[in-house]
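Below is one structure, written out as structure tokens; comments come after it.
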Amino acid sequence: MLPNNHSNPSDFIRETIADDLKSGKNESRVHTRFPPEPNGYLHIGHAKSICLNFEIARENKGLCNLRFDDTNPVTEEAEYVEAIRKDVEWLGFQWDNECYASDYFEQLYDYAVRLIKNGKAYVCDLSPEEVREQRGTLTEPGKESPYRNRPADENFLLFERMRAGEFASGSRTLRAKIDMSSGNMNMRDPVIYRIQHASHHRTGDKWCIYPMYDFAHCVSDSIEGITHSLCSLEFEDHRPLYDWFLDELGIHHPQQIEFARLNITNTVLSKRKLIKLVEEGHVTGWDDPRMPTLSGLRRRGYTPEAIRNFCGRIGIAKRNSTVDMALLEYCIREELNKAAPRYMAVLNPLKIVIENYPADLIEEIDAVNNPEDEKMGIRKVPFSREVYIERDDFMEDPPKKFFRLAPGREVRLRYAYYITCTDVIKDGNGEITELRCTYDPATKGGDSPDGRKVKSTLHWVSAPKSLEAEVRLYDHLFSVSEPGDDFVSQLNPDSLITLASCRIEPALEKIFRCQFERLGYFCLDKIDSSLKNKPVFNRIVTLKDAWAKIQKTGG
RNA sequence: UGGGGAGUAGUGUAACGGUAGCACGGCAGACUCUGGAUCUGCUUGUAGGGGUUCAAAUCCUCUCUCCCCAGCCA
């Protein structure tokens, strides 16, 4: 069903893996892992990595673990673990093993001891400030720690005492003994363990020393028998350290491969920035429908399929890039055009009185549920003398390219009748309050027996038979395509427009996700609907809108 | 000015010495009971200079530009 470019994806990582398989490396196994830190919510950038890791495993009949990189107790919480599990499942993936770096703490400790005994690690008494001062700069080598040549036995004893809780947080570290003059900062005797008297969401107060990422990550990969450790570009110069630990330890050595992380226009995809948006209240939470988090996209109405499809289309490469938000929108439209049932909803109601239509008559009009899929059938829509149409669908003095209703003009009410505008009623301020129209009874169903054409078809709802609903129109969170460091000042003030008094056709009462004809795709916000005791819909994405474009370009 | 990466249409991504292609966007047109969808066409690209070769996005070389690294974060 999918176009070739993503039904059979290929990229430099898959090519490398295919080569490894061919050469018999790793007994021709493929085992990947998705390794989030439980200190925040997953976003669509993570989805790129999730899809890559899980799909590569599946394509090669391999395994993929979900591993929580939970080595920093002060920033991590069980709440995030749950949210991450839920999001990965929602995206459509099942992990083979659920792992936690914290489950390896004992083993990690033993490996650290091995490094100490081999003279490859030492306990350093320098303070964090002193370590920073002695690290050197990008162009100058660092200085060796005065504790660098401590005897192995002494290091071992000290390390045991660190574990036993005899020292204050931050007072000592265990450092790898590598090369203080390396051009690669990561190799200048990096810290392996730090003292943190903090309780961990899984291990409680069992530990007061915690391994650093560089040590924990490669060893965790190794313990799990990972074959290909895929990560983002900023870890490229950590790879020599990744390799160093595993080589020194002489244990299973996965291959780290780096690829570029995802960026998308008009949003931000860094955990730091997303946290700021949440904490400063610029959005309502991690699951605000404007957020690029998986929970936000889910609440907005995006489907896992659309997101997976998007991840397949953007490709994998080593070049930093920013994908156009229009591609994500294309992916959800593409899916929903085929799958979403159509309904009518009027966002900004303008009343029409059809003067020659019987006052007490309600007709049930047949409407097609999805013109793209006959099997989805038809439904009845009530029609009456008074209906609402969209205010934007009427202009008293229409410009040349405006095809919709205007005084004296005939248009079609979708599936119902042709109507002609005969009068415009205004209030004291000159605001249009109501239109008077006549209808042609011969056009019932929306076709005229004499074959005359109308230039436009409008959606509508019956005034007495429609329901009230709140509709939220979402736009890009940021008004600039690439928000910078002052991203908060670049928030789009119109990213959310709430319309409290919309009118929807009765059948919409029990619909979750659908198209509002001529407007866009919408999704019921279950949380707020029950809170407000009326239907609340989130706009997932607009339909492509040629008229809006004409207006925008002044044409 | 240390180390590590990357430069292909507006954007993203292919082409692995042999016709620079695909997708999104944009622009036109056809069709249409959604100004939707669908269909058709068009536009625009190898960062730059040298070299090797019958042939270079691809190999060599010099230059330029951009990204990452100086957490006891991941």
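Just so it is clear, the values below take in all heavy atoms, side chains as well, and ignore hydrogens, waters and symmetry mates. Just so it is clear, the structure is predicted and the values come from calculations on it, not from any experiment.
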Can you tell me if [X] touches the phosphate of [N], counting only side-chain N or O atoms and a distance under 4.0 Å to OP1 or OP2?
X	N	answer
A/R194	B/A74	yes
A/R188	B/A70	no
A/T322	B/G12	no
A/R272	B/A74	no
A/K318	B/G7	no
A/R313	B/A14	no

For [X], report the nucleic acid contact type (base, sugar-phosphate, nothing); a contact means any heavy atom under 4.0 Å.
X	value
A/Y330	sugar-phosphate
A/E258	nothing
A/E517	base
A/N39	nothing
A/H238	base
A/E15	base
A/R412	base
A/R404	base
A/F12	nothing
A/L138	base
A/R175	nothing
A/Y193	nothing
A/T75	nothing
A/L543	base

Between [X] and [Y], does at least one N-O distance fall below 4.0 Å, as a salt bridge requires?
X	Y	value
A/R33	A/E224	no
A/D221	A/R67	yes
A/K177	A/D189	no

Side-chain donor or acceptor of A/D237 under 3.5 Å from a matching atom on the base of B/G3?
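When only heavy-atom distances are counted, A/D237 does reach the base of B/G3 through a donor-acceptor pair under 3.5 Å.
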With both distances under 3.5 angstrom, what nucleotide forms a Watson-Crick or G-U wobble pair with B/C66?
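The base-pairing partner of B/C66, which may sit in any strand shown, is B/G5.
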With a 3.5 Å limit on both atom pairs, tell me what B/G12 is paired to, counting Watson-Crick and G-U wobble, or say none.
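The answer is B/C22, by the H-bond criterion.
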Between [X] ([atom1]) and [N] ([atom2]), how many Å, whole number?
X	N	atom1	atom2	result
A/M212	B/C73	CE	P	5 Å
A/N320	B/U11	CG	P	14 Å
A/F403	B/U32	CZ	P	14 Å
A/E234	B/C66	CD	P	20 Å
A/I195	B/G71	CD1	C1'	16 Å

If the plane angle is over 60° it's perpendicular, under 30° parallel, otherwise tilted; pick one for A/W207 and A/Y109.
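Ring orientation, 0 to 90° scale: tilted.
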A/N72 CG to A/S102 OG distance, which is reported to the nearest 0.5 Å
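One gets 12.5 Å once the value is rounded to the nearest 0.5 Å.
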Any idea which of B/G71, B/G36, B/C72 is nearest the A/R132 side chain?
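In terms of side-chain proximity for A/R132, the closest of B/G71, B/G36, B/C72 is B/G71.
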What's the closest nucleotide to the side chain of A/K544 if the choices are B/U34, B/A37, B/A74?
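The closest nucleotide is B/A37.
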Is B/G36 in the syn or the anti form, by the rule that syn lies within 90° of 0?
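B/G36: anti.
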Between A/S182 and A/R188, a side-chain donor and acceptor under 3.5 Å
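Checked: A/S182/A/R188 side chains show no N/O donor-acceptor pair below 3.5 Å.
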Between A/E372 and A/T71, which is nearer to the 5' end of RNA chain B once each is assigned its nearest nucleotide?
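Per heavy-atom nearest nucleotide, the more 5' residue is A/E372.
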Using the closest heavy atom to pick a nucleotide of RNA chain B for each, name whichever of A/E140 or A/V191 lands nearer the 5' end.
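On the 5' side of the pair lies A/E140.
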Can you confirm if the NZ or CZ of A/R333 lies within 45° of the ring axis of A/Y521 and under 6.0 Å from the centre of its six-membered ring?
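No, A/R333 and A/Y521 do not form such a contact.
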